[in-house]
Amino acid sequence: MTSTSPRTTAGMRKAVIPAAGLGTRFLPATKATPKEMLPVVDKPAIEYVVEEAVTAGLTDVLMITGRSKRALEDHFDRNYELETKLAEKGDTATLELVQASNDLATMHYVRQGEPKGLGHAVLCAADHVGDEPFAVLLGDDLIDPRDPLLKAMIDAQARFGGSVIALMEVPPAQIHLYGCAAVSPTEEPDVVRVTDLIEKPPRGEAPSNLAIIGRYVIESAVFDVLRRTPPGRGGEIQLTDALRSLALGDGGGPVHAVIFRGRRYDTGDRQEYLRTIVRLACEREDLGPEFRSWLADFVAKEMEGPA
């Protein structure tokens, strides 16, 4: 999964990446390592997310971090000792890989002092963002660059104004695990008007099977709404609740959604994380042929059962 050249779209330039979570589903691996730094093949998940923002023309990136997240800053900074040793060895290929993350974007960092939810994490970006529309990218969701969701969302925001979220159809039996949207159609087949939002609705009470996934393009009016949004589900300040207020006309423009039908990889779930690594490794030109051959033999032997 590789990134394409950046393009500036609709004048938007700022992206916010909340990365303060504790990663408890991946303990003990995340005891001292940020979950965002877990490798997806040979690159940390967070680098894919920053690449996606840059590809969409968003080169000013604010990462919301927390305690024990210093490795995130180090990854996007220079490592002079390592780079010097690689240069001295003449290992230019590895040097280019190491330096790639240094120059991706203009990186900024702010700490979320307390884990008060995604809405609170986004609110931490208010001073940096100001009164501009901005994108929010969640690190658990990797979007395949062959399916440029974020660019489509930025374009939709330029046409419709207000805020734009990403929705994806999921099996009805799973919708209670997600934020869920009630929608009405627009003249564009994959763009809908959001009429209501519910964070993880009880089983049988979801208005649709359209789940919110981790990409948002949001107008700055959301900050005022977040400041007066009380804790919701889980005792946390939910971004979904603030977006619902905007959708209902409380202090901001409309909320639309792009319905995404492309390739999404969920690295926040252990099973899906493993599947993501296998899928992406199989597609790599340098790793894929040998790995696919090994994988086919392994699966065949497993199907045969014990001798």
Open item on the list: Within the structure provided, determine whether Tyr273 and Lys35 are in side-chain contact (heavy-atom separation under 4.5 Å).
Closed with: no
Task: Interatomic spacing from CG in Leu197 to CD1 in Ile212 - rounded to 0.5 Å - done: 4.5 Å
Task: Working for side-chain contact (heavy atoms from CB on, under 4.5 Å), residues Leu118 and Leu138 - done: CA-CA 9 Å; Leu118 177 58; Leu138 303 190; 3.8 Å; yes
Task: Student check: side-chain heavy atoms of Glu88 and Thr84 closer than 4.5 Å - done: yes
Task: Cationic N near anionic O, under 4.0 Å, Arg279 to Asp144 - done: no
TODO: Count the heavy atoms of every other residue, nucleotide or ligand shown that sit under 6.0 Å from CD of Glu132, and state whether that count exceeds 12.
DONE: yes
Task: Ionic contact status for Asp241 with Arg244, cut-off 4.0 Å - done: no
TODO: Would you check if Tyr216 and Leu243 make a side-chain contact, meaning some heavy-atom pair closer than 4.5 Å?
DONE: yes
Task: Euclidean distance, Phe76 CZ relative to Ile46 CD1, rounded to 0.5 Å - done: 5.5 Å
Task: Linked, directly or transitively: Val49 and Val258 (ILVMFWY side chains, under 4.5 Å) - done: yes
- [ ] Taking the side chain as every heavy atom from C-beta outward, state whether Leu280 and Val40 have any atom pair closer than 4.5 Å.
- [x] yes
Task: Separation between CG of Leu142 and OG1 of Thr267, rounded to the nearest 0.5 Å - done: 4.5 Å
TODO: Would you indicate whether the side-chain heavy atoms of Leu104 and Glu47 approach each other to under 4.5 Å?
DONE: yes
TODO: Check step by step if side-chain contact (heavy atoms from CB on, under 4.5 Å) holds for Val50 and Leu137.
DONE: CA-CA 9 Å; Val50 175; Leu137 298 85; over 6 Å; no
TODO: For Val41 and Ala281, work out which heavy atoms get closest and say how close.
DONE: CG2-N, 3.9 Å
Open item on the list: For the CZ atom on Arg67, are there more than 12 heavy atoms of other groups (residues, nucleotides or ligands in this structure) within a distance under 6.0 Å?
Closed with: no
- [ ] Please step through ring pair (Phe, Tyr, Trp, His ring centres under 6.0 Å) for the pair Tyr48 and Tyr265, ending with a clear verdict.
- [x] CA-CA 11 Å; Tyr48 291 96; Tyr265 310 105; 8.7 Å; no
Open item on the list: With a 4.5 Å cut-off on side-chain heavy-atom distances among I, L, V, M, F, W and Y, is there a chain of contacts connecting Val54 to Leu149?
Closed with: yes
Task: Under 3.5 Å: donor-acceptor pair, side chain of Thr186, backbone of Val191 - done: yes
TODO: Spell out, yes or no, whether Tyr178 and Leu239 are grouped together once hydrophobic residues are joined by side-chain heavy atoms under 4.5 Å, including indirect joins.
DONE: no
Open item on the list: With a sphere of 6.0 Å drawn around CZ of Arg228, does it hold more than 12 non-hydrogen atoms of other residues, nucleotides or ligands?
Closed with: yes
- [ ] For Thr240 and Ile198, work out which heavy atoms get closest and say how close.
- [x] CG2-C, 4.1 Å
Task: Nearest heavy atoms of Gly162 and Gln157, plus distance in Å - done: O-NE2, 3.1 Å
Task: Salt-bridge contact Arg275-Glu272 (side-chain N to carboxylate O under 4.0 Å) - done: yes
Open item on the list: Rounded at 0.5 Å granularity, tell me how far CG in Leu72 sits from CG in Asp77.
Closed with: 12.5 Å
Task: Flag if over 12 foreign heavy atoms under 6.0 Å of CZ, Arg78 - done: yes
Task: Backbone of His75 reached by a side-chain donor or acceptor of Ser101 within 3.5 Å - done: yes
TODO: Grab the two heavy atoms, one from Ile175 and one from Ser208, that are nearest each other, plus how far apart they are.
DONE: CG1-O, 3.6 Å
Open item on the list: Are Val170 and Ile165 connected into the same hydrophobic cluster when the rule is that any two of I, L, V, M, F, W, Y join if their side-chain heavy atoms are below 4.5 Å apart?
Closed with: no
Task: From Gln238, Glu236, Gln112, residue fulfilling side chain to side chain donor-acceptor pair (under 3.5 Å) relative to His120 - done: Gln112
Open item on the list: Can you confirm whether Lys200 sits close enough to His176 that some side-chain heavy atom of one is under 4.5 Å from a side-chain heavy atom of the other?
Closed with: no
TODO: Go through Met63 and Glu36 one step at a time and tell me if the side-chain contact (heavy atoms from CB on, under 4.5 Å) criterion holds.
DONE: CA-CA 11 Å; Met63 203 169 290; Glu36 297 83 6; over 6 Å; no
Task: Charged N-O contact under 4.0 Å between Arg159 and Asp155 - done: no
Task: Residue pair Lys69 / Pro34: nearest heavy atoms and the distance that separates them - done: CD-CB, 3.7 Å
Task: Under 3.5 Å donor-acceptor, Thr55 side chain and Glu51 backbone - done: yes
TODO: Report the C-alpha separation of Met107 and Glu73 in whole Å, then their side-chain angles, then the decisive distance to 0.1 Å, and conclude whether the side-chain contact (heavy atoms from CB on, under 4.5 Å) test is met.
DONE: CA-CA 8 Å; Met107 302 294 299; Glu73 298 183 37; over 6 Å; no
Task: Pairwise side-chain contact, Ile259 with Met168, heavy-atom cut-off 4.5 Å (strictly under) - done: no
Open item on the list: Taking Gly214's backbone N and O only, do any of them form a donor-acceptor pair with Asp141's side chain (distance below 3.5 Å, no angle check)?
Closed with: yes
Task: Student check: side-chain heavy atoms of Glu83 and Val98 closer than 4.5 Å - done: yes
Task: Nearest-0.5 Å distance that lies between atom CZ in Phe298 and atom CD in Glu302 - done: 4.0 Å
Task: Over 12 foreign heavy atoms within 6.0 Å of CG, Asp127 - done: no
TODO: Spell out, yes or no, whether Ile143 and Leu150 are grouped together once hydrophobic residues are joined by side-chain heavy atoms under 4.5 Å, including indirect joins.
DONE: yes
Open item on the list: Given Cys124, which partner from the list Ile64, Val16, Thr65 fulfils the side-chain contact (heavy atoms from CB on, under 4.5 Å) test?
Closed with: Ile64
Open item on the list: Between the side chains of Arg263 and Glu283, is the shortest nitrogen-to-carboxylate-oxygen separation below 4.0 Å, so that they form an ion pair?
Closed with: no
Task: Spacing of OG1 belonging to Thr92 relative to CG belonging to Leu97, to within rounding of 0.5 Å - done: 10.0 Å
Open item on the list: Ignoring hydrogens, what is the shortest heavy-atom contact between Cys282 and Leu295? Give both atom names and the distance.
Closed with: SG-CD2, 4.0 Å
